[in-house]
Structures are given as C-alpha cells and as structure tokens.
Protein chains: 4
Amino acid sequence: MQIEPLPRQRRKEARPAEIIEAALLLFHQKGYSATKLDDIARFAGVTKGTVYLYFSSKEALFKAAILETIQPNLDRIEEAVMSSQASATQRLKTAMSSWASSMNECKGSITKLMIAEAGNFPELSDFYIETVVKRSRKLLIHLIQAGIDSGEFRPIDADMLARTIFSPILLTSIWRHTYAKLDPITYSLNQLSDFHLDIIFNGIALSEQS
Amino acid sequence: MQIEPLPRQRRKEARPAEIIEAALLLFHQKGYSATKLDDIARFAGVTKGTVYLYFSSKEALFKAAILETIQPNLDRIEEAVMSSQASATQRLKTAMSSWASSMNECKGSITKLMIAEAGNFPELSDFYIETVVKRSRKLLIHLIQAGIDSGEFRPIDADMLARTIFSPILLTSIWRHTYAKLDPITYSLNQLSDFHLDIIFNGIALSEQS
Amino acid sequence: MQIEPLPRQRRKEARPAEIIEAALLLFHQKGYSATKLDDIARFAGVTKGTVYLYFSSKEALFKAAILETIQPNLDRIEEAVMSSQASATQRLKTAMSSWASSMNECKGSITKLMIAEAGNFPELSDFYIETVVKRSRKLLIHLIQAGIDSGEFRPIDADMLARTIFSPILLTSIWRHTYAKLDPITYSLNQLSDFHLDIIFNGIALSEQS
Amino acid sequence: MQIEPLPRQRRKEARPAEIIEAALLLFHQKGYSATKLDDIARFAGVTKGTVYLYFSSKEALFKAAILETIQPNLDRIEEAVMSSQASATQRLKTAMSSWASSMNECKGSITKLMIAEAGNFPELSDFYIETVVKRSRKLLIHLIQAGIDSGEFRPIDADMLARTIFSPILLTSIWRHTYAKLDPITYSLNQLSDFHLDIIFNGIALSEQS
DNA sequence: CATGAATGAGGTTTCATTCAT
DNA sequence: GATGAATGAAACCTCATTCAT
C-alpha cells in the first residue's frame with residue numbers, strides 16, 4: 001500500500017507561529033533536550049526541513065519561542081497599574097488580577113521552561129530575569145512601598161513581600177501545567193490571587209499572634 | 001606483591017552514594033536529558049562502566065537518585081508535628097520551620113527536578129505526588145483545620161491555604177538553585193517562612209480591607 | 001498594463017551560459033560536492049528553480065559545464081599546427097604557445113576539476129581523457145616524432161617527452177587557480193612555455209652531462 | 001536470519017593509523033565532501049562511533065590525515081641533499097630521485113588532495129604551502145643557484161626552473177592516482193625524473209636553437 | 001518562464017549501553 | 001570489581017529536488 005503524500009501547503013505567513021506553538025507545547029511537556037525536532041515538525045504539520053527554513057537550529061527555535069511568548073506580555077505588564085490613581089491596596093489587587101489572568105490564558109508556563117532550562121541557556125535566562133522577573137518585581141515593590149508610605153500597610157520588607165505575593169501564582173501555574181492529572185487544582189489563578197491577597201491584607205488569626 | 005591500598009577499599013562502600021550525588025547535581029543543573037553519563041561518571045570519579053555496575057540504566061539512576069533523596073525526609077516530615085500538644089499556630093510554625101530547614105540543607109531541589117521531568121517519568125511523578133506532596137499537604141491541612149476548630153483561625157479553605165503557605169518556600173528553593181547568580185536571594189528559607197507566617201496570621205493592613 | 005522590460009527579456013537567452021559560468025567558478029573553488037545549488041543560483045542571479053529549468057540535475061549541470069567549456073577549444077587544438085609547413089621545432093613552439101594562451105584566458109582550470117572529480121564522474125573522465133588529453137598528446141607526439149625523423153631532435157621517448165612538456169603548463173594553470181594568494185606565480189603560462197621549451201631544446205648545462 | 005555481530009576488537013594502538021589510511025584513500029578517490037564517514041569506518045573495519053573516538057570531526061580527521069602523512073616526509077626532504085659535498089648536478093639528481101621515490105611509495109597523492117580541497121581548508125593549505133611546498137622549492141632553488149655559481153649551469157631564473165623541474169613528477173603522481181585505468185603510465189616517477197633531468201641538462205636539440 | 005516554500009533522504013554527530021580484558 | 005574501547009540507534013541538520021503559484 002502506497003502512502004499518498006499530502007499536497008504541499010503553502011502558508012508562509014502562519015508557519016513560524018505554528019511551529020513555535022508546537023515547539024513550546026512539546027518543550028514544556030518533555031523538556032528541551034527530550035523534545036525531538038521530528039516531533040515538533042509533525043505536531044506543527046510540517047516536515048523537519050520546514051522547521052529549518054524558519055529557524056536556524058533547535059536552540060534558535062527555543063529562544064524564539066520563549067521571546068515571542070514573552071514579548072506581547074511585556075508591555076501589558078505595567079499599563080494596568082502605573083496609570084491608576086487608586087489606593088495602593090486597590091492597585092495591588094488590580095495588578096495581581098491582571099497577572100493571574102495573563103498566566104491563565106497561556107497554554108504553557110514560560111516560568112517552568114525557564115527554570116528547567118536555565119542552566120543550558122544562560123543568556124536567555126539573563127534576559128528573562130532582567131526583563132521580565134525584575135521588572136515585574138520592581139513594579140510590585142513600588143506598589144507595596146506606596147501602601148506603606150500612605151499608611152495602608154504596616155512597615156514591612158517590600159522585596160520579600162513582593163516575592164512572597166508572587167509565589168503562589170507562579171508555582172500554581174507551573175503545578176497546573178505539570179501535574180494536571182495527578183494533582184488537579186480546582187480553583188483559577190484569579191481566585192487564588194484574591195484568596196492570597198485577602199489573607200495578606202487581613203491575616204487569618206482571630207487574635208493578634210506574636 | 002602489592003598490597004591493595006586501603007583508601008580504595010574504603011571508597012567501595014560509598015560508590016553508589018557518590019554516583020547518586022553526582023547524578024543529582026548534574027540532573028539538577030542541566031536536566032535529565034542534557035546530562036551525559038560520561039559527565040556523571042567523571043564527576044563521581046569513576047568510569048562509565050562502573051556506573052552500570054550499580055545502576056542498570058540512566059533511567060534507573062535517576063529514579064534511585066530521587067528516591068534516595070526523598071526517603072530520609074519522608075519520616076522526618078510527620079514526627080515533629082503530629083506528636084506535639086501545642087496550639088495549632090505553634091505547630092504550624094514548627095512544621096514550616098522544619099520543612100524550611102530540610103530544604104535549606106539540600107544541595108539541589110527535588111521539587112525542581114520533579115517538575116522538569118514529570119512528563120518523562122510518569123510513575124515517578126505519581127509516587128512523588130502521592131507520597132511526598134499529598135502527604136505533606138494533608139498534614140498541613142490537618143493543622144489548619146485544627147486551628148479553625150479551636151478558634152485560632154477564621155474559617156477558610158484549608159486546601160487552598162495549605163498550597164499557598166507552601167508556595168513561597170518551594171518556589172524560593174527552586175529559584176535559589178536556578179538563578180543563584182542572576183537573582184540572588186538574601187534571606188534563608190527559615191526567615192522567609194517566618195515572614196510569611198507572620199503575614200498570614202496577622203495580615204499587613206493597618207485597617208480592615210474588604 | 002506594464003510593458004515587460006527589455007533587459008529581462010534579453011537576459012533570457014544568456015541564462016544557461018550564466019548558470020554554467022557560476023557553476024564552473026564554484027565547482028572550481030569548492031569542489032562539486034561542497035558546492036550548493038543555492039550558491040550557484042544566487043551567484044547566477046536566479047533562483048534554484050530556474051536552474052532546474054535548464055539542467056535536469058546537479059550532475060547534468062556539472063557535465064554540461066565541463067563539456068561546454070571544452071568544446072570550443074577542441075577544434076582550435078589542431079588547426080594552428082597540422083597545417084603548418086614549418087620545422088618541427090617551430091611548430092612545437094607554436095602549438096605550446098597556442099595552448100598556453102587558451103589556458104591563460106580560462107577563468108578556471110578544467111584540468112583541476114577533472115582531476116578532483118574523476119572518481120565521481122567516470123564516463124566524463126573517459127570522454128575527457130580520450131577526446132582532450134590523448135588527442136592533444138597524440139598531436140604533440142606527432143610533432144616530436146617529426147623532429148626526430150628530420151634530425152632536429154635526438155632520438156628520445158616521444159610519449160614521455162610529450163607528457164613532460166605539458167606538465168609545467170598544466171600544473172601551473174592548476175596551481176595559479178588554487179594557490180593564487182598563498183603562492184603567487186609572477187610569470188604567464190606563455191612565458192613559462194617559452195622558458196621550458198628553451199631548456200628542453202638547449203639544456204642548461206654548459207658542458208655535456210652524463 | 002540473524003546477523004551475528006562481530007566480536008569486538010580492541011586494538012587502541014593501531015586504530016588511528018588504520019582510520020587515517022582508510023580516510024586518505026577515500027578522500028583521494030572521491031574527494032572530501034563526497035566521502036561518507038560510514039564508508040571510512042567500514043573501510044577501516046570499525047563503526048562510525050569509533051572514528052569519533054579518535055577524531056573529533058570529519059574535518060579534524062581530514063587535517064590529521066594530511067598532517068600525519070606529510071610529517072614523516074618533512075625531515076627526509078633535506079637530509080639527502082644539504083649534507084652532500086658533490087657537484088650541484090649530482091645533488092640535484094639525488095634530490096629529485098629522493099622525492100620521486102617517496103612519492104612512488106605513497107598510496108595516494110597529498111598534492112592532489114590539497115589542490116582539490118584548498119578552497120575548503122585555507123589554514124591547512126597555508127601550512128602545506130609554507131611548510132612543504134616553499135621549503136622544498138627553496139632547497140631546489142638553492143641547488144640550482146649553486147650550479148650557476150659553480151659554472152655548471154648557465155644563468156637562468158632559478159625559481160621558474162625549480163617549479164618546472166618539479167612539475168612532471170607532481171603532475172604524473174597526481175595523474176597516476178587519478179587516471180590509472182583510463183590513461184596508464186608505464187614508467188616510474190624515478191625514470192621520469194631521470195629522463196627530465198637529462199633533458200634539462202643536455203637539451204634535445206642536435207644543434208643550437210634560438 | 002520563474003519563483004521559493006516545502007520536502008525527505010541521507011549525511012554528520014552524539015551518547016547510552018555493552019563487553020573483552 | 002573496574003575499566004574504557006567499541007558499538008549503533010537515534011538525534012540534529014543539510015540540501016538536491018519538486019511543485020503550487
């Protein structure tokens with residue numbers, strides 16, 4: 001039985017995006033090294049050769065996939081927050097809600113990919129830390145400090161709190177994409193964010209703890 | 001006739017442990033796939049053949065490394081907590097402190113490794129989730145529920161809180177082992193744990209937030 | 001409605017020749033295998049597809065390039081010599097000078113290409129040896145024998161001398177196109193030919209050598 | 001029918017030399033690019049992996065093959081000549097005879113390989129030209145000049161003569177390894193060398209030619 | 001005619017695994 | 001037990017060739 005080869009599709013416009021999407025999904029599922037270019041190609045509905053038409057190497061594809069995914073979020077990060085004139089508390093809620101939403105939409109978790117492959121892509125990690133992580137944290141620290149200055153929050157280490165506030169959302173995003181079946185999570189990142197912020201603002205103790 | 005030197009004899013006992021230590025370190029740094037058996041062997045001071053003397057395959061070595069590292073912590077998890085008769089608040093602090101300490105000591109982060117390789121080692125992930133993650137969380141939920149029942153804490157979703165309480169420690173442990181140079185963290189996991197618990201108990205708001 | 005520009009129309013006629021020229025140059029520089037059709041096309045100012053419009057395969061292009069280059073020289077080879085009624089000495093000088101000139105003009109060295117690729121193109125080599133090499137040598141042998149018969153030259157192995165006379169011109173042609181930068185040659189093939197013939201006729205010894 | 005794998009041979013000492021010999025032969029026959037590593041390995045009686053045990057890449061193997069073959073001849077080049085106290089004529093004969101012999105023994109022709117691949121291995125070509133070609137020519141020029149100075153030879157361009165004297169031997173060596181079947185050569189390089197030197201010393205003309 | 005996106009066979013290279021010593 | 005040379009399957013990548021436009 002002879003296999004009829006598929007008619008050649010010609011869709012130059014869409015190709016790179018399709019390949020990147022397939023690559024991201026597989027890198028995320030199996031890790032960079034364990035993902036074969038053949039799989040990426042098949043998943044994207046093309047052949048290996050086509051992948052190399054748009055990306056010069058597997059490494060270049062990985063970097064492009066990460067950067068393409070990060071880029072559209074970069075600008076969105078600050079807008080919802082810096083412009084607002086509301087209270088620090090309110091702006092903190094808005095910012096976290098915005099982040100939670102954008103992470104919810106994403107099919108994979110860039111955070112997870114970057115953590116897993118940091119050792120193998122040092123320059124990319126550097127870019128990620130400087131451009132995404134530190135920039136986001138700086139924003140959060142700014143809001144926290146504003147709240148302290150305005151008397152909304154008690155004096156507290158803003159850097160540590162910023163990292164702390166982020167952690168549940170980041171880790172849950174990773175977790176959900178990693179252990180979806182084995183340890184399902186029933187709430188959304190937005191719910192989690194609201195939940196955590198409420199506790200951070202008000203605490204859980206019914207009487208003061210030392 | 002030459003007498004077999006003692007040091008070599010002595011090392012024999014330690015071989016498997018040395019290999020596992022080398023493997024863990026490299027798996028952690030570069031990921032499972034990207035780590036070569038040659039590197040592990042060289043790092044452990046033996047040859048590739050010797051690795052196969054103790055572990056039947058790379059996969060078996062990975063599993064052994066994970067399990068060997070988890071095992072000693074498994075028992076320690078419950079002891080410090082379940083036995084105590086103190087308040088829920090106090091026992092929560094003790095438990096978190098104990099976890100933070102054990103994570104601080106560890107050279108790598110099993111959590112990170114498991115996240116990165118979950119897709120490639122489903123049975124191992126299953127074991128890890130059931131035996132380590134869920135068991136630990138169950139304990140935490142138990143303490144939280146005890147606090148709610150005793151009137152120490154206001155009524156709250158115990159599962160969500162358990163995940164939330166854990167997140168900063170887990171993510172920071174991962175972070176520290178991943179971005180040590182690029183984004184150094186100045187405090188210890190114990191300090192972080194104390195910091196977060198204080199906020200969770202007491203909140204940061206100076207007046208009630210909605 | 002746009003009128004088809006003339007320059008483009010005009011080039012059409014020249015396309016195959018332009019492609020052959022590009023191909024010869026690159027085959028010569030990098031060898032047959034190492035030369036990519038993409039490079040040939042780019043060098044000829046067309047696309048890969050166009051090359052296949054005129055040549056059915058890379059191999060066909062190689063053969064065509066060799067044959068097209070050889071052909072015009074084939075006829076020229078004999079004319080200047082056979083017709084002449086001059087002395088063998090003189091006709092030898094004329095023949096060598098004619099060859100040297102035709103090799104000087106050529107951008108590459110067919111000789112080099114044929115040597116390098118003989119193993120991969122046996123039929124082409126066969127054609128080249130029979131049609132070019134042996135035919136030329138036969139001519140040379142004829143002239144040498146005429147000189148011996150006429151008493152101009154002492155009796156000598158005509159075949160060996162024919163090969164010997166040719167060698168410096170051929171090798172220098174190859175050399176010049178191969179090591180132009182690393183080992184530049186300051187004289188022309190015609191000068192070399194005159195130089196060598198003078199020595200062959202008269203020797204360099206001031207007294208008879210055994 | 002199951003193919004019984006050959007028992008593994010262990011001959012570390014001989015391996016590199018065997019691989020180089022196979023590589024040289026095939027590079028020579030088909031050119032560098034057209035030679036597959038699989039072929040080299042099979043020809044050397046090993047598998048591809050073994051080749052990479054000793055040479056880090058195909059390119060490295062090529063360079064090693066060239067250098068290993070050149071090296072032993074390098075020293076031999078000068079010894080037979082520089083030490084002698086004989087006449088320039090005699091020393092010239094000795095030198096050429098020595099070169100002809102060493103080229104006769106060699107299975108392939110490094111000269112041919114270097115010519116064919118010069119464009120793709122510029123540094124190697126540089127080394128070859130400087131270390132082998134120019135050094136040999138310098139020696140020849142030295143001998144010619146000595147003959148002129150001593151009144152054995154008439155004044156003549158020594159560089160051009162040096163290149164001329166070499167040409168027949170070099171080109172015939174190439175020719176013999178390239179067109180062995182199609183255009184067989186019946187005499188040895190030593191015979192050719194003697195023949196050419198006799199002509200160069202004494203000429204072929206029975207009376208003085210202008 | 002001309003294009004260039006797409007193909008896929010085939011090349012180079014890597015590396016987990018084996019096994020004679 | 002321990003070694004490390006040898007293996008070969010499988011990965012990444014190239015490029016001659018095709019074909020829809």
Side-chain angles (χ1 to χ4, degrees), chain A residues 5-15 33-41 45-61, chain B residues 4 8-9 11-12 15 33-42 45-61, chain C residues 4 8-9 11-12 15 33-42 45-61, chain D residues 5-15 33-41 45-61:
Chain A
L6 287 179
R8 297 190 179 191
Q9 317 252 343
R10 310 196 66 215
R11 331 203 275 128
K12 185 174 195 278
E13 321 295 277
R15 284 286 183 248
S33 291
T35 299
K36 293 170 249 177
L37 253 150
D38 250 329
D39 295 340
I40 296 175
V46 296
T47 56
K48 254 182 311 185
T50 305
V51 175
Y52 280 90
L53 218 55
Y54 297 102
F55 305 95
S56 62
S57 68
K58 190 186 178 185
E59 198 171 321
L61 171 56
Chain B
E4 185 81 314
R8 197 170 189 206
Q9 198 63 27
R11 273 191 68 209
K12 267 190 197 172
R15 281 279 156 83
S33 290
T35 298
K36 295 174 237 172
L37 249 120
D38 252 326
D39 296 338
I40 296 175
R42 196 175 321 122
V46 296
T47 58
K48 250 188 309 187
T50 305
V51 175
Y52 278 86
L53 226 51
Y54 296 103
F55 305 94
S56 64
S57 69
K58 191 185 178 186
E59 201 172 319
L61 171 56
Chain C
E4 184 83 312
R8 199 175 188 204
Q9 197 63 27
R11 273 190 69 210
K12 267 189 195 174
R15 282 278 156 83
S33 291
T35 298
K36 296 173 234 174
L37 249 117
D38 252 327
D39 295 338
I40 297 175
R42 198 177 317 123
V46 296
T47 58
K48 249 187 311 186
T50 306
V51 175
Y52 278 86
L53 227 52
Y54 296 103
F55 305 95
S56 64
S57 69
K58 190 186 179 187
E59 201 171 319
L61 171 56
Chain D
L6 288 178
R8 299 189 177 191
Q9 316 253 342
R10 310 197 65 217
R11 329 201 280 127
K12 184 172 196 275
E13 319 296 276
R15 284 286 183 247
S33 292
T35 299
K36 294 170 249 175
L37 253 147
D38 248 331
D39 296 339
I40 297 175
V46 297
T47 57
K48 259 181 308 188
T50 305
V51 176
Y52 280 89
L53 217 56
Y54 297 102
F55 305 95
S56 62
S57 69
K58 190 186 178 187
E59 198 170 320
L61 172 55

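Just so we're on the same page: letters track the sequence lines, and every chain starts at 1. This is a predicted model, so every value here is computed, not measured.
- Stems are defined here as 3 or more consecutive Watson-Crick or G-U wobble pairs with pairing distances under 3.5 Å; those involving DNA chain E are E:2-21 with F:2-21.
- Rounded to whole Å, atom P of dG8(E) lies 18 Å from atom CD1 of I40(A).
- dA16(E) atom P lies 11 Å from atom CG of L61(B), rounded to whole Å.
- Taking atom CG on L53(D) and atom P on dT7(F), their separation rounds to 9 Å, with Å as the unit.
- Evaluation of the salt bridge (Lys or Arg N to Asp or Glu O under 4.0 Å) rule for K58(D) yields no partner, not counting sequence neighbours.
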Give each protein N/O atom lying under 3.5 Å from an N/O atom of nucleotides 13-15 of chain F, with the pair distance.
{"unit_1": "dC13(F)", "atom_1": "OP2", "unit_2": "Y52(A)", "atom_2": "OH", "d": "2.4"}
{"unit_1": "dC13(F)", "atom_1": "OP2", "unit_2": "K58(A)", "atom_2": "N", "d": "3.0"}
{"unit_1": "dC13(F)", "atom_1": "O5'", "unit_2": "Y52(A)", "atom_2": "OH", "d": "3.1"}
{"unit_1": "dC13(F)", "atom_1": "N4", "unit_2": "K48(A)", "atom_2": "NZ", "d": "2.4"}
{"unit_1": "dC15(F)", "atom_1": "OP2", "unit_2": "K36(C)", "atom_2": "NZ", "d": "3.2"}

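- One finds no side-chain N or O of T50(B) lying less than 4.0 angstrom from the OP1 or OP2 phosphate oxygen of dA2(F).
- Between R15(B) and dA2(F), a side-chain N or O to OP1/OP2 separation shorter than 4.0 Å is present.
- Listed by chain and number, the residues in a side-chain hydrogen bond (donor to acceptor under 3.5 Å, both in side chains) with S57(A) amount to none (sequence neighbours excluded).
- Atom C1' of nucleotide dC12(F) and atom CZ of F55(A) are separated by 16 Å, given to the nearest angstrom.
- Residues passing the side-chain contact (heavy atoms from CB on, under 4.5 Å) test with D38(D) are R42(D), K48(D), sequence neighbours excluded.
- Qualifying side-chain hydrogen bond (donor to acceptor under 3.5 Å, both in side chains) partners for T50(B), counting only residues two or more places apart in sequence or in other chains: T47(B).
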